[in-house]
Amino acid sequence: MLLSIVSSCPVAKVPDMIPAYSTIEASIDGGIGHIRLNRPKALNAINSPMIAEITEALALLNKEPEVRVIVLSANGKSFSAGFDLKESAEKNYTTTADFKGAIEADFDFIMQFWDSKKPTISAIQGYCIAGGMELALACDISVASEDAIFGEPEVRFGSGIVAMIVPWLTGPKFAKEILLTGNDRIPASRALSMGLVNEVVPAGQQLDRAFALAGDIIAASAISVELTKRAINRSFDIRGMRQSLLAAVDADIIIESLAGPERKEFNRIRKEEGLKAAIAWRDSRFRKPT
């Protein structure tokens with residue numbers, strides 16, 4: 001199977017070590033490992049099969065000596081609308097133990113890009129929301145198309161943040177604005193000014209730019225890159241990042257277990273009228289962003 005990356009990039013190869021997947025595509029191109037989210041009709045919502053396949057592909061690419069950088073992108077108009085709410089409803093978790101296991105697994109899934117031995121770069125377009133935003137921000141470098149839209153709407157329907165990376169990338173004022181209002185219509189230009197992404201490029205050029213940055217990393221000393229990334233991550237650990245993120249996971253477990261009135265009403269509408277109706281109810285309670 002051959003995968004075309006973008007028109008200006010050479011054709012990628014899929015080595016025998018990488019299997020065919022149902023929710024993603026994975027390939028290697030000149031030292032760049034490439035993972036594409038591939039549920040475009042569902043806005044690349046992250047479900048259990050996708051979590052398993054991304055985790056496997058990322059591990060394989062990290063073990064492949066030829067791969068020096070890993071790029072994460074998405075097929076379709078949007079990067080990701082977050083964790084699949086339909087699947088979550090079907091699981092019907094009710095106990096704290098249920099929520100604890102699920103949330104801790106989701107946290108580990110997101111943070112594997114931060115913890116990756118090899119540098120990771122996310123190329124973002126369209127909606128990059130909730131868990132999808134956390135996944136993109138967990139990458140070492142993030143490039144956004146000018147049409148990208150960011151946000152963490154969890155508080156708007158009584159849910160919590162799985163991987164609370166935002167405060168570590170931007171200041172407390174911006175972090176509280178993003179996470180306490182639940183605004184999920186933050187344009188790419190504002191995300192850039194907040195420090196959430198490295199740069200914004202014209203629509204459709206995010207993957208080209210991500211590959212160009214990957215090329216610069218490949219041209220550098222491999223051992224220098226690896227140890228420098230490790231040192232940067234270690235500096236955040238010394239400042240207490242991991243402990244803070246785990247404390248936020250504990251808060252999320254409590255939030256999900258309590259199932260406040262907003263969450264109950266959101267779930268009721270979702271069950272009786274569908275997800276679109278539940279989201280419309282959620283958004284109707286807030287002013288439209290200016």
Side-chain angles (χ1 to χ4, degrees), residues 1 3 5 12-29 31-64 66-88 90-91 101-144 148 150 152 161-163 165 206-207 210-211 214 229 233 245 249:
M1 177 176 62
L3 303 176
I5 302 300
K13 66 177 182 178
V14 182
D16 293 337
M17 43 110 31
I18 300 179
Y21 293 113
S22 62
T23 66
I24 67 170
E25 296 173 345
S27 58
I28 296 175
D29 176 19
I32 301 172
H34 189 191
I35 298 174
R36 275 186 190 259
L37 310 185
N38 192 33
R39 297 186 70 210
K41 291 183 179 180
L43 297 181
N44 291 309
I46 303 165
N47 61 6
S48 295
M50 180 180 281
I51 289 173
E53 291 181 350
I54 289 176
T55 299
E56 178 180 284
L58 184 62
L60 290 172
L61 293 174
N62 263 303
K63 292 177 182 177
E64 174 57 40
E66 178 187 348
V67 174
R68 297 273 302 280
V69 184
I70 299 169
V71 171
L72 176 67
S73 71
N75 291 331
K77 295 181 178 180
S78 290
F79 181 80
S80 175
F83 288 104
D84 193 322
L85 295 180
K86 291 182 179 179
E87 183 185 65
S88 298
E90 291 170 357
K91 290 181 177 178
I103 292 169
E104 288 178 347
D106 289 344
F107 174 82
D108 290 341
F109 162 71
I110 290 170
M111 292 304 294
Q112 65 184 331
F113 282 87
W114 179 274
D115 295 330
S116 170
K117 178 181 178 181
K118 298 172 182 180
T120 54
I121 303 174
S122 55
I124 306 157
Q125 81 279 5
Y127 289 114
C128 184
I129 306 297
M133 175 170 158
E134 295 164 35
L135 184 63
L137 298 188
C139 293
D140 300 307
I141 299 172
S142 297
V143 178
F150 297 83
E152 294 261 21
I161 311 298
V162 172
I165 301 172
Q206 70 279 354
L207 191 54
F211 267 73
K229 171 176 176 171
N233 282 10
L245 293 179
V249 167

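Small disclaimer: the values here were computed from a predicted structure and weren't measured.
For the pairing with Thr23, the side chain to side chain contact (heavy atoms under 4.5 Å, CB included) check across Ile51, Asn38, Asn47 returns one residue only, Asn47.
Scored by the side-chain hydrogen bond (donor to acceptor under 3.5 Å, both in side chains) test, Thr55 finds Gln112 as partners (sequence neighbours excluded). Residues passing the side-chain hydrogen bond (donor to acceptor under 3.5 Å, both in side chains) test with Lys118: none are found, sequence neighbours excluded.
A donor-acceptor pair under 3.5 Å is absent between the side-chain atoms of Asn62 and the main chain of Ser116, judged by distance alone. Counting only distance, with no hydrogens or angles, the side chain of Ser78 and the backbone of Ser80 share no donor-acceptor pair below 3.5 Å. In this structure a side-chain-to-backbone donor-acceptor pair under 3.5 Å is present from Asn44 to Asn75. Side-chain atoms of Gln125 come within 3.5 Å of backbone atoms of Ala74 as a donor-acceptor pair (strictly under, hydrogens ignored). Checking side-chain atoms of Glu53 against main-chain N and O of Ser22 turns up a donor-acceptor pair under 3.5 Å. Counting only distance, with no hydrogens or angles, the side chain of Asp84 and the backbone of Ile46 share no donor-acceptor pair below 3.5 Å. Ser73 places no side-chain N or O within donor-acceptor distance of the main-chain N or O of Ala123, the cut-off being under 3.5 Å.
In this structure, the separation between CG on Leu37 and CZ on Phe79 is 5.0 Å, given to the nearest 0.5 Å. In this structure, CZ on Phe107 lies 13.0 Å from CD1 on Ile161, to the nearest 0.5 angstrom. Here the straight-line distance linking atom CG of Asp140 with atom OG1 of Thr120 works out to 3.5 Å at 0.5 Å rounding. Separating the SG atom in Cys139 from the CG atom in Leu72 is a distance of 5.0 Å, to the nearest 0.5 Å. If you take CG on Asp29 and CZ on Phe211, they are separated by 5.5 Å, rounding to the nearest 0.5 Å. Ile18 contributes atom CD1, which lies 4.5 Å from atom CD1 of Ile28 (distance to the nearest 0.5 angstrom).
The 12-atom threshold is exceeded at CZ of Phe109, counting heavy atoms of other residues, nucleotides or ligands nearer than 6.0 Å.
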Take Val67 and Leu60 through the test side chain to side chain contact (heavy atoms under 4.5 Å, CB included) and record every step on the way to the result.
-> CA-CA 10 Å; Val67 174; Leu60 290 172; over 6 Å; no
Please test Ile110 against Phe83 for side chain to side chain contact (heavy atoms under 4.5 Å, CB included), starting from the C-alpha separation and ending with a verdict.
-> CA-CA 11 Å; Ile110 290 170; Phe83 288 104; 3.9 Å; yes
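Between Val249 and Val162, the shortest heavy-atom distance links the atoms CG2-O, 3.5 Å. Residues Gly82 and Ala130 approach most closely at CA-CB, 4.4 Å, considering heavy atoms.
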